[in-house]
There are 2 protein chains.
Amino acid sequence: MNLRQISKLFYQLKLANQEMTTKFEKETGFSITRYELMMFLKENGQCSQTILQNELKIDSAAVTRHLKILEEKNYVIRERNKNNNREVVVRITDNAAKELEHCEREFSHSNKTIISPLNEEEENTLLSLLTKLVK
Amino acid sequence: MNLRQISKLFYQLKLANQEMTTKFEKETGFSITRYELMMFLKENGQCSQTILQNELKIDSAAVTRHLKILEEKNYVIRERNKNNNREVVVRITDNAAKELEHCEREFSHSNKTIISPLNEEEENTLLSLLTKLVK
DNA sequence: CGTCAATAGTTGACTAATCAAATATAACTT
DNA sequence: AAGTTATATTTGATTAGTCAACTATTGACG
């Protein structure tokens, strides 16, 4: 592929990302990043911000800001680690866990073609190509 | 796919987009959006901002701001349309056209696996899946 | 045991997008 | 010809990310 074709591919990637991100937030009420963050806490229990940063592959500043918002909405609780006061230990609230479960149930009954027009096989192909791309 | 799987897919899309966008700018010196914008002008000649907005599928406010920056760098020229003073007619400068061509030549000699580890077939599959996704 | 380096998180400045409101011009309607 | 509506662009506020500079705490070592 020449540069022009690469730029079209990457631009399409940008458009797809924008659209899917918006759709996801409209559908669930959570931004994709905050959804991933909370699901990680729900599935793996409490952890430090550094672990979240590595897991989500975003800047530590972004983590701080997301957590500030989630804390204000009572979706997470943050406490300094007694054994290492530099560290903040983050955990999800029951309230948030319930809301996430509600979201998943809702979605399982909804028409899935609204959020993605791809079939499962295509979605899997897409995921593996995207994964290879960032590797 | 359940919501959790969808969120992982979309999050991977976000990560891929961030990484490719950054790589593209490092490689070429142009942001992907401004590159697309200038290439459109180069390939299609002058046009109004509304046309650019539809072509790039971004907000008109974003178009205005990109053009302001490109104008300051002497990459585009903007003039009000004499026959319809609401409209701004935008065209690319010779200088910009030359720089874009230089970029393309550079890229054609470079190691393409740096910017994308996918082979051509995978790139084409990816493009068609992304296109279907935003359709 | 005191300094110096490393780690963890926060804050500020910047970018690129969105939406909504404002402005300017043109076109339509009576 | 005046008033209203539609079109084109701009500006301001907000969001989510980056990087760089700062603060606080811990650990290491001479």
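Just so we're on the same page: letters track the sequence lines, and every chain starts at 1.
- With rounding to whole Å, A:Leu56 atom CG is found 16 Å from D:dT18 atom C1'.
- Place B:Ala62 and A:Asp59 on DNA chain D by their nearest nucleotides, and B:Ala62 ends up nearer the 5' end.
- Applying the 4.0 Å criterion to OP1 and OP2 of D:dT10, one finds that B:Lys68 has every side-chain N and O outside that range.
- The CD-P distance, from A:Glu79 to C:dA8, rounds to 19 Å in whole Å.
- Distance, A:Arg80 CZ to D:dT23 P: 15 Å, rounded to whole Å.
- The nucleotide whose nearest atom lies closest to any side-chain atom of B:Glu87 is, among C:dA20, D:dT9, D:dT18, D:dT9.
- Of all non-hydrogen atoms in A:Glu36 and B:Ser7, the two that sit nearest each other are OE2-OG, 2.6 Å.
- At the phosphate of C:dT10, neither OP1 nor OP2 sits under 4.0 Å from any side-chain N or O atom of A:Ser60.
- Defined by atom type and a distance below 3.5 Å, a donor-acceptor pair is present between the side-chain atoms of B:Glu123 and B:Ser116.
- Comment: B:Glu122 engages A:Lys132 in a salt bridge, judged by a side-chain N to carboxylate O separation of less than 4.0 angstrom.
- Heavy-atom nearest nucleotides on DNA chain D were determined for A:Asn81 and for A:Ser31, and the one closer to the 5' end corresponds to A:Ser31.
- Taking atom CG of A:Leu37 as the reference point, atom P of D:dA16 lies 12 Å away to the nearest angstrom.
- A distance of 6.5 Å separates CD1 of A:Ile114 from CD of A:Glu27, quoted to the nearest 0.5 Å.
- What separates CD1 of B:Ile69 from C1' of D:dT10 is a distance of 14 Å, to the nearest Å.
- The nucleotide whose nearest atom lies closest to any side-chain atom of B:Thr33 is, among C:dA17, D:dT10, D:dT18, C:dA17.
- Under the 30°/60° scheme for interplanar angles, the aromatic rings of A:Tyr35 and A:Phe30 are found to be tilted.
- Residues A:Gln18 and A:Gln49 each lie close to DNA chain C; by heavy-atom proximity, the contact nearer the 5' end of the strand is made by A:Gln49.
- Across the protein-nucleic acid pair, B:Ile58 atom CD1 and D:dT15 atom P stand 21 Å apart, rounded to whole Å.
- Distance from the side chain of B:Ala61 is smallest for D:dG12 among the nucleotides D:dT9, D:dG12, C:dA26.
- The distance from atom OH of A:Tyr35 to atom P of D:dT15 is 22 Å, rounded to the nearest whole Å.
- Among the protein residues, A:Thr64 comes within range of the nucleic acid bases, having at least one heavy atom under 4.0 Å from a base atom.
- Contact annotation: A:Ser48 side-chain N/O to C:dA8 OP1/OP2 distance is not under 4.0 Å.
- B:Thr22 comes within 4.0 angstrom of no nucleic acid atom, judged by non-hydrogen atoms across all strands.
- Side chain A:Arg65 to base D:dT18: a donor-acceptor pair is found below 3.5 Å.
- Close to D:dT10, at under 4.0 Å from its OP1 or OP2, lies a side-chain N or O of B:Arg78.
- Between the OH atom of A:Tyr11 and the P atom of C:dA16 there is a distance of 12 Å, given to the nearest Å.
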Check step by step if salt bridge (charged side-chain N to carboxylate O under 4.0 Å, His left out) holds for A:Glu104 and B:Arg4.
-> CA-CA 8 Å; A:Glu104 285 183 300; B:Arg4 183 69 183 111; 5.9 Å; no
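- Listed candidates were D:dC19, D:dT26, D:dG12. Nearest to the side chain of A:Arg86 is D:dT26.
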